[in-house]
Each structure stands twice: as C-alpha cells, then as structure tokens.
Amino acid sequence: MIWALLLAAATPPAEAPPVMPPAPQLDYARLVDEAIDGGRIIQADAMLTQWRAQSQAGDVQPIEIATARMALEKRRNEEALARFSALGQGGLDDCRVDEGRGIALLRLGRSPEAVDPLRHAVGACADRWRAWNALAVAYDETQSWALSAAAYERAFQLTNKPAQILNNYGLSLLKQGQAAKAAVIFDRARELMPDDARIIANGDTAYVMAGQEIRRRPIDTADEWARRLNNAGQVAMRVGDLPLAQAYLSRAVTEADSFVPEAAAALATMDAAKP
Amino acid sequence: MNEKLMAVALAVAVTACSAPQKGVLSIRSVNQQPSGFAQDALARGDLLFSRGEYALALDAFRRAVRNDPTDAHGLNGVAISYAAMGRHDLAREFFELALSRAPQDARITRNFARSLTAQGLKGEADALLAQAGAAPAGLAIAARPTLAQLASAAPVAAPVRPVQLTGVELERISLGEVRLRTMDRAASAEPQLKTRIVTVAGAQARPELSAPIVTVGLAEQAPPAPQLASLDAGSAIPAAAPLQPNAQAHDRLFERLWKSIMHPSGRKGARG
C-alpha cells in the first residue's frame with residue numbers, strides 16, 4: 001500500500017485549468033431578435049441554444065417567443081402557428097407574436113384570418129416592416145388594393161430589404177392588371193438584386209403581359225436565357241397570345257445549350273391543338 | 001499478501017501507462033489537444049492570412065476550430081479566409097457562428113459587413129453595422145422615393161449593347177455550324193426572330209486553311225416573322241441595329257468567326 005501511495009504521489013498532477021473571469025451576461029433576447037430580423041438564422045439558432053443553457057427564471061417566455069420566431073424563419077409554419085397561438089392564448093400582448101401568427105396564417109393560405117393579428121401588430125408597433133408587408137399581401141388576397149398599396153408604402157419606407165417589397169408590390173400591380181407599372185417596379189427591384197431568379201422571372205412576366213419584349217442581360221448564359229424565354233412563352237400562352245408564345249418557346253429550344261423539355265412540350269401541345 | 005502484491009502491480013501498471021514514454025504512440029481526441037496547439041494554429045492562421053496565403057490560413061484556422069468549436073477568433077479566421085477566396089456563401093455560416101460566440105466583437109461585424117458588401121448586399125451590411133452600433137440606421141431609408149413615384153416613373157433604360165453585336169451576331173451551334181443572326185432597323189422590336197444558319201463545312205477537319213470557308217446567303221428578305229403583340233412604342237427596346245451591316249462589320253465578323261474556328265474552346269459561353 002505504501003508503494004502504491006508513493007507511486008501515486010510521484011505521478012505529475014494534471015494541469016489545473018486557468019481561472020477564467022466570468023463571461024459578462026449577454027442580452028440574449030435582444031441579440032437573438034436582431035439576428036432573426038437580420039436573417040442570420042445560424043447565429044440566432046446558436047445563440048438560442050446558448051440562451052437555453054444559461055436561462056434564468058424570467059427567460060421562459062422570451063425563449064418561447066424566440067423559438068416560435070425561429071420555427072417561422074425555418075418555414076415550419078404549422079409549428080410556428082401553434083407556438084404563437086399558444087403564446088397569444090396565454091394572454092401575452094406582444095407585436096412579435098401577432099406578427100408571427102399573421103405571417104404563419106398567410107403562408108398556410110389562411111389570409112382572411114391573418115388580417116386581424118397583422119393589423120393589431122402594426123397598430124401596436126408601427127415600425128415593423130415585416131408586419132406591414134404581410135398585411136399588404138393579406139390585403140392583396142382580398143383585393144383591397146388601396147389598403148394594400150398603403151401598407152406596401154409603409155413597409156417600403158421602413159425596410160432594409162426594399163427589393164423584397166418592390167417584388168411584392170410588383171406582383172400586386174400584376175394582379176390588378178397594371179403590367180406596365182409592374183414592369184417598371186420589377187426593373188427597380190432588379191437594380192437592387194440583379195441575380196434574384198424570382199425577380200427576373202416576375203419582371204419577364206410583367207414585360208410579356210405589358211406587350212414588351214424581354215431583354216437578354218449580358219451575363220445571361222445560353223441556358224439562363226432559354227429559361228427566361230421559356231418562362232415568357234408560358235406566360236404568353238396563359239394570356240392567350242399563341243403566336244408570341246410560339247416565338248418565345250421556339251427561341252428557348254433553339255438558343256439553349258441543353259434541351260429545354262418544358263418549352264418542347266409546350267410547343268408540341270400547341271402543334272397538336274392546331275386544326 | 002496477495003492483495004498487497006496485486007495493488008503494487010496495479011499501481012506500477014497505471015504509472016507506466018500514464019507517464020509519456022519515448023516511442024509509444026499516443027492517440028488523443030482532437031478536442032483534448034493542449035491549449036497551446038489551438039493558440040499555435042490561430043497564430044499560424046493569422047500569419048498566413050497576412051501573407052495572403054488564404055488556403056493555408058483556412059487550414060490552420062480550421063484546425064483551431066476543430067480543437068475548440070466555440071472559439072470566435074478561429075471561426076472569424078475561417079470566415080475571412082473563405083471570404084478572401086471569394087466563397088462568401090461558405091464565409092457567411094462561419095461569420096454567423098463567430099458572431100453567436102462574440103456578438104459584441106466589432107471586428108467580426110465589420111468583416112461580415114465587408115463580405116456582404118462584396119456580394120452586393122449593401123442593405124444587409126448597413127443593417128448589420130447599424131445593429132452593432134457601428135453605423136447610423138435609416139440614413140439610406142430616409143431618402144427613398146415612394147412606391148407610387150417609382151411606379152409612375154419612366155421605364156429604366158435598356159443596357160446599351162455594342163451595335164455590332166446587336167446588328168449582326170454569330171453563335172456557335174455545334175463544332176461545324178454557326179448561326180448568323182441578322183436584323184434590320186425596322187424590325188428591331190423583334191430582334192431575335194430572324195435567324196439564319198450558316199454551315200462552316202469541315203472547318204474542324206481542315207485547320208491548316210488560311211481562310212475560313214464560309215457560305216453566307218445574300219441578304220434576301222427573310223421569311224416574315226411572327227409579330228409581337230401590341231408592342232409598346234414607349235418601351236425601352238434596345239437601340240435599333242443598322243439595316244445592312246457594312247462591309248467592315250462583315251470583315252470583323254468573319255475575323256471573329258475564323259478565330260472561333262481556330263480556337264473553338266474560347267467561344268463556349270461567349271454568345272449574345
């Protein structure tokens with residue numbers, strides 16, 4: 001036994017970890033909110049995990065709000081709606097909860113139900129551009145064009161992502177049949193986000209509906225241009241301009257580097273429909 | 001007695017295992033490297049990055065992060081290395097992780113904002129700086145016109161393209177074929193509807209020829225093209241091309257064609 005004790009004493013002790021000063025307590029509620037608002041989901045997720053690990057007594061509800069917002073950002077709309085609804089039923093009066101519930105309802109196709117919580121959200125917190133934007137989209141669904149235009153205007157003046165609002169407003173104008181105005185708005189959006197595929201496709205749609213020729217950008221590859229031509233052809237087909245549709249679709253097939261099955265199928269359909 | 005012997009033997013065995021011995025392979029988990037290893041990796045990463053050796057710096061920073069995944073310095077190093085290599089998509093993840101660990105580190109925020117700006121996401125960069133208190137918020141927003149003003153404004157002018165490319169254009173269809181695209185001033189509204197196929201016979205098989213064999217049909221009237229519906233006269237249609245491109249334009253065109261035949265690899269993706 002003595003031998004064992006002597007040998008044990010002879011082994012060097014493990015190096016003690018350096019004493020670190022306690023880290024300052026972070027304002028996780030604000031930081032996670034800012035990260036979500038800024039679209040930095042990885043950061044928000046990581047900070048939410050840290051927050052849960054260091055949570056204190058009063059953090060339960062703020063953590064639940066942040067969790068619901070994260071679900072919404074990750075497009076888990078059913079889960080987000082359930083979480084926001086539970087928070088609202090618990091008597092919590094918070095703009096983020098109303099806004100989140102409204103957006104979740106909107107994404108789930110329940111736009112008439114979304115109007116009330118969104119109106120409540122912008123009434124209590126008039127500086128929340130996401131709520132204004134969602135409210136405008138909800139008004140679009142009910143064809144309340146004047147209300148939607150006013151809501152888009154408020155969102156546009158508040159947002160730091162103007163291309164998104166311009167895109168939504170352009171779609172609203174398209175729904176109203178104002179394709180020429182929509183084309184101008186999509187051009188503005190494209191100036192801000194030149195490579196956004198949705199904005200390009202929506203802009204081309206507006207051009208075709210306005211009777212204007214779509215233009216190839218210098219950076220468009222043959223396949224990208226063919227995709228745009230195909231999209232323009234499909235739009236022309238839907239608005240009933242078959243000669244224009246045929247011209248666009250034919251060009252999509254001949255100008256692409258690779259086969260464009262959608263354009264070929266549409267052309268075949270048009271050929272088959274000819275008497 | 002037997003118990004004492006066993007205890008002594010066990011103690012000797014434990015000591016033998018715990019003491020480092022020369023020539024004995026020691027395997028440790030990467031997360032249990034001594035702290036000096038991570039510091040070395042970070043210092044090496046910093047040095048390599050300052051020398052502009054971004055790939056090697058990335059490797060060093062990644063080693064540091066593997067050792068301590070929560071280290072903001074290492075995460076920021078990985079992010080700036082990716083950003084320096086133009087991989088802003090990969091940089092973003094590490095900037096966000098670095099910010100999650102050190103949200104008040106203005107250096108990480110500035111680096112992230114630079115990366116966003118380099119991607120053309122100026123608005124997001126400004127918002128990030130504003131959140132961090134590094135830039136006043138709302139300056140750009142205050143000067144924004146209304147949506148109604150934007151919608152009623154004149155259409156944005158079309159990007160100006162070289163007249164030669166707009167008027168006459170060559171496209172490679174295959175190794176042996178190019179398309180000569182022509183259009184006239186009057187038909188500028190439907191600029192891509194008149195196309196012609198020009199076949200370059202056996203050009204690939206006879207690279208020793210001193211001049212291209214090109215058969216170009218005379219500029220007879222092209223078949224009537226489908227009319228575009230209700231073209232808006234006030235729209236931003238690209239500048240009209242000349243009715244008949246002049247001889248000099250043709251010469252340049254054929255020079256391009258010949259170059260493309262002699263060096264076909266350089267033509268790929270250069271159309272339009």
Side-chain angles (χ1 to χ4, degrees), chain A residues 1 3-4 7-8 10-11 26 31 34-35 37-44 46-47 50 149 152-153 156-162 165-166 169 173 178 180-181 183-185 187-188 191-195 210-213 215-218 220-222 225 236 241 243-244 246-247 251 254-255, chain B residues 4 7-8 10-12 14-15 18-19 34-35 92-93 95-97 99-101 103-104 120 123-124 126-128 130-131 137 140-141 144 146-148 150-156 158-159 161 171 179 189-193 195 225-232 235-238 269 271-272:
Chain A
M1 184 62 81
W3 275 97
L7 285 166
T11 54
L26 295 172
L31 291 168
E34 285 181 354
D37 287 341
R40 302 189 300 277
I41 304 307
I42 297 170
Q43 181 192 349
M47 296 195 83
Q50 294 168 41
Y152 279 127
E153 190 63 70
F156 185 62
Q157 297 304 328
L158 292 167
T159 186
N160 60 343
K161 295 182 177 173
I165 309 298
L166 286 169
Y169 182 54
L173 290 171
Q178 301 185 40
K181 277 187 177 181
V184 176
I185 290 294
D187 279 345
R188 298 288 181 187
E191 282 174 12
L192 298 171
M193 294 187 73
D195 298 324
Q212 299 175 31
E213 178 82 2
R215 295 186 295 260
R216 183 174 183 171
R217 303 175 307 158
D220 279 341
T221 64
W225 175 232
D241 191 341
L244 181 63
Q246 190 168 20
R251 285 167 57 194
T254 55
E255 297 189 20
Chain B
K4 283 183 181 174
V8 170
L10 189 63
V12 169
V14 167
T15 312
S18 64
S35 60
R92 183 182 182 106
E93 177 186 347
F95 276 130
E96 289 196 28
L97 287 172
L99 272 182
S100 75
R101 288 291 159 187
Q104 287 150 340
E124 197 174 339
D126 288 344
L128 178 66
Q131 279 182 354
I141 293 171
R144 203 171 276 163
T146 65
L147 285 173
L150 287 177
S152 56
V156 178
R161 301 178 66 191
E171 285 185 359
R179 171 187 296 155
E190 55 268 9
Q192 284 95 357
L193 294 178
T195 61
Q227 290 297 311
L228 298 185
S230 60
L231 277 168
D232 187 353
S235 66
I237 298 294
R271 293 192 285 174

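Worth knowing before you read on, the calculation uses all heavy atoms, side chains too, and leaves out hydrogens, waters and symmetry mates. Naming: A, B, ... by sequence-line order, numbering from 1 per chain.
Here the side chain of B:E96 pairs a donor or acceptor atom with the backbone of A:Q43 at under 3.5 angstrom. Between the side chain of A:R40 and the main chain of B:S100, no donor-acceptor pair closer than 3.5 Å is present.
Side-chain atoms of A:R188 and B:L147, non-hydrogen and from C-beta on, never get closer than 4.5 Å to each other. B:L150 places none of its side-chain heavy atoms less than 4.5 Å from the side chain of A:Y169.
Heavy-atom minimum distance, B:R144 versus A:P162: NH2-CG, 3.7 Å. The two residues B:A151 and A:L173 make their nearest non-hydrogen contact at CB-CD1, 4.5 Å.
Contact annotation for A:E34: both backbone and side-chain heavy atoms come within less than 4.5 Å of a heavy atom of chain B. Of the two parts of A:I185, only the side chain, counted from C-beta on, holds a non-hydrogen atom closer than 4.5 Å to a non-hydrogen atom of chain B.
For B:E124, the salt bridge (charged side-chain N to carboxylate O under 4.0 Å, His left out) test picks out B:R92, with sequence neighbours left out.
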